[in-house]
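Remarks on the structure that follows.
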Amino acid sequence: MSNAMMAWNPEVASARDAGTPIVALESSVLAQGLPAPANREAYRLMCAGVRSVGAVPAVTATVGGKAVVGLDGEALERFLSVGAMKASARDLGYAIASGRDGSTTVAGALAIATMAGLDVFATGGIGGVHRAALGEPSFDESADLLELSRSSVVVVCAGAKSILDLAATLERLDSYGVAVIGYRTEEFPGFFTASTGLPVSATANSATEIARAFLAGRQLGRPSAVLVVQPPPTGAALDPRLVERAVRVALAAAATGPNRPRGAAVTPFLLAAVERATGGQSLATNLALLESNARLAGEIAVALAAENTRRPLGSRPR
Ligand code: PSU
Ligand code: MN
């Protein structure tokens, strides 16, 4: 916690010292995932969602040679208007050593959350196994999956992005020992859509249930994340046929276009192409689910704090 490479936002540091629940957030969605001005709205909604239940938001990033816990002020403005380098877990060392602005993906944010001792993280959708349409086979799998396998953190999301091979992504989560808990659902949601027909590994109906499952896993010494999934809020979910059409258009552009993206550029490229192909509808869905995931993460952080204080001192995990 007193790591010299970490820069704590004063509000987040006070929350940490007071035992107030904190929710870590990513910044790639602000710098790469969403266009301006929707990225500013995303920041506002994610923070408001966490705060609405009495927790404190902490957007993770790298700035000025440090891992930031609670991005705000001038640095945040740069992320929103100029952008930043996309920082997955492997990129953190370089980003910090070179003093560059780094926007954390899920993997990057999990690494910083772990360093900071934060137990709960919220995002829109995790990265995963890309569809074979990107190449036969694509061999493109997000580092989010591996980092989920070795980060003892509750991760709240709306599933994996619709641009991915969701069945293959679920199989990989299974191989990596990551529990996939559906919040009030038995189905893995499709990010822009509520339903995929794919089963989760367990279902929970309350934040307390999730907190207890996470703590029990940790006490057993499990090293992996608990992935909590919930569909986009009712009314915000898109028609699966519209999404599938848009994803196919996006994939075709990614596989054949003159500006064919590679590596880290693939996901931002596909997200932008889907947004165009849905006439901007996917943007509204994205914002709505970011807020609702942040709120659920806040509830879980509050429930975790309550569980921890219920235990006698000395028997607390960590
Ligand atoms: N989902 C979104 N927008 C995003 C992302 C996910 O709707 O910007 C980002 C997340 O930060 C996720 C990353 O961790 O994309 C995955 O990128 P890659 O596939 O290159 O690992
Ligand atoms: Mn990739």
Side-chain angles (χ1 to χ4, degrees), residues 24-36 38-39 41-43 45-46 59-62 71 79-80 83-92 102-113 121-131 134-135 137-148 151 153 155-166 168-169 172-173 189-193 225 227 229 232 236 238 243 246-247 250-251 254 260-275 278 281-294:
L25 299 164
E26 62 155 296
S27 51
S28 174
V29 67
L30 305 176
Q32 283 96 30
L34 294 170
N39 58 351
E41 184 63 0
Y43 176 84
L45 289 171
M46 289 193 299
V59 174
T60 56
T62 72
L71 180 69
F79 278 61
L80 294 175
M85 73 173 264
K86 181 169 163 180
S88 186
R90 69 168 180 181
D91 306 307
L92 292 175
S103 52
T104 49
T105 63
V106 170
L110 285 175
I112 293 179
F121 166 74
T123 183
I126 59 164
V129 181
H130 280 269
R131 298 191 190 192
L134 281 173
S138 81
F139 280 118
D140 186 349
E141 292 193 24
S142 175
D144 291 356
L145 297 176
L146 185 61
E147 214 56 34
L148 284 163
S151 305
V153 175
V155 174
V156 181
C157 67
K161 287 158 290 175
S162 323
I163 56 174
L164 301 168
D165 183 331
L166 298 184
T169 299
R172 193 62 93 215
L173 288 166
F191 191 70
F192 295 125
T193 61
L227 190 69
V229 296
L238 299 181
V243 172
V247 169
L251 287 170
R260 200 184 158 176
R262 305 262 176 201
V266 170
T267 293
F269 178 97
L270 289 174
L271 289 171
V274 167
E275 192 198 312
T278 60
Q281 286 187 66
S282 66
L283 194 58
T285 309
N286 213 328
L287 291 175
L289 64 84
L290 282 168
E291 181 186 29
S292 72
N293 293 347

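In this text the structure is predicted, and so the values were computed from the model without any measurement. When a ligand or atom number is given, it counts from 1 through the structure's own listing order.
Taking 4.5 Å as the limit, some side-chain heavy atom of F121 sits within range of a side-chain heavy atom of E26. In this structure, V243 and S282 have side chains that are not in contact, with every pair of non-hydrogen atoms separated by 4.5 Å or more. Residues P261 and L270 form no side-chain contact, since every pair of their non-hydrogen atoms from C-beta on lies 4.5 Å or further apart. In this structure the side chain of L30 reaches within 4.5 angstrom of the side chain of L80, judged on heavy atoms.
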Any protein N or O within less than 3.5 Å of an N or O in ligand 1? List each pair with its distance, or say none.
| residue | atom | partner | partner atom | Å |
| --- | --- | --- | --- | --- |
| ligand 1 | 1 (N) | G125 | O | 3.4 |
| ligand 1 | 7 (O) | N286 | ND2 | 3.4 |
| ligand 1 | 11 (O) | E26 | OE1 | 2.6 |
| ligand 1 | 11 (O) | E26 | OE2 | 3.2 |
| ligand 1 | 14 (O) | V106 | N | 2.8 |
| ligand 1 | 14 (O) | D144 | OD1 | 3.3 |
| ligand 1 | 14 (O) | D144 | OD2 | 2.7 |
| ligand 1 | 15 (O) | K161 | NZ | 3.3 |
| ligand 1 | 17 (O) | K86 | NZ | 3.2 |
| ligand 1 | 19 (O) | T267 | OG1 | 2.7 |
| ligand 1 | 20 (O) | K86 | NZ | 2.8 |
| ligand 1 | 21 (O) | S142 | OG | 2.7 |

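Nearest heavy-atom pair, E147 versus A89, reported as atom, atom and distance to 0.1 Å: OE1-CB, 3.6 Å.
Taking the N/O/S atoms of D140 in turn, the shortest distance to the Mn ion (ligand 2) belongs to OD1.
Between the side chains of S27 and T104, a donor-acceptor pair is found at a separation under 3.5 Å.
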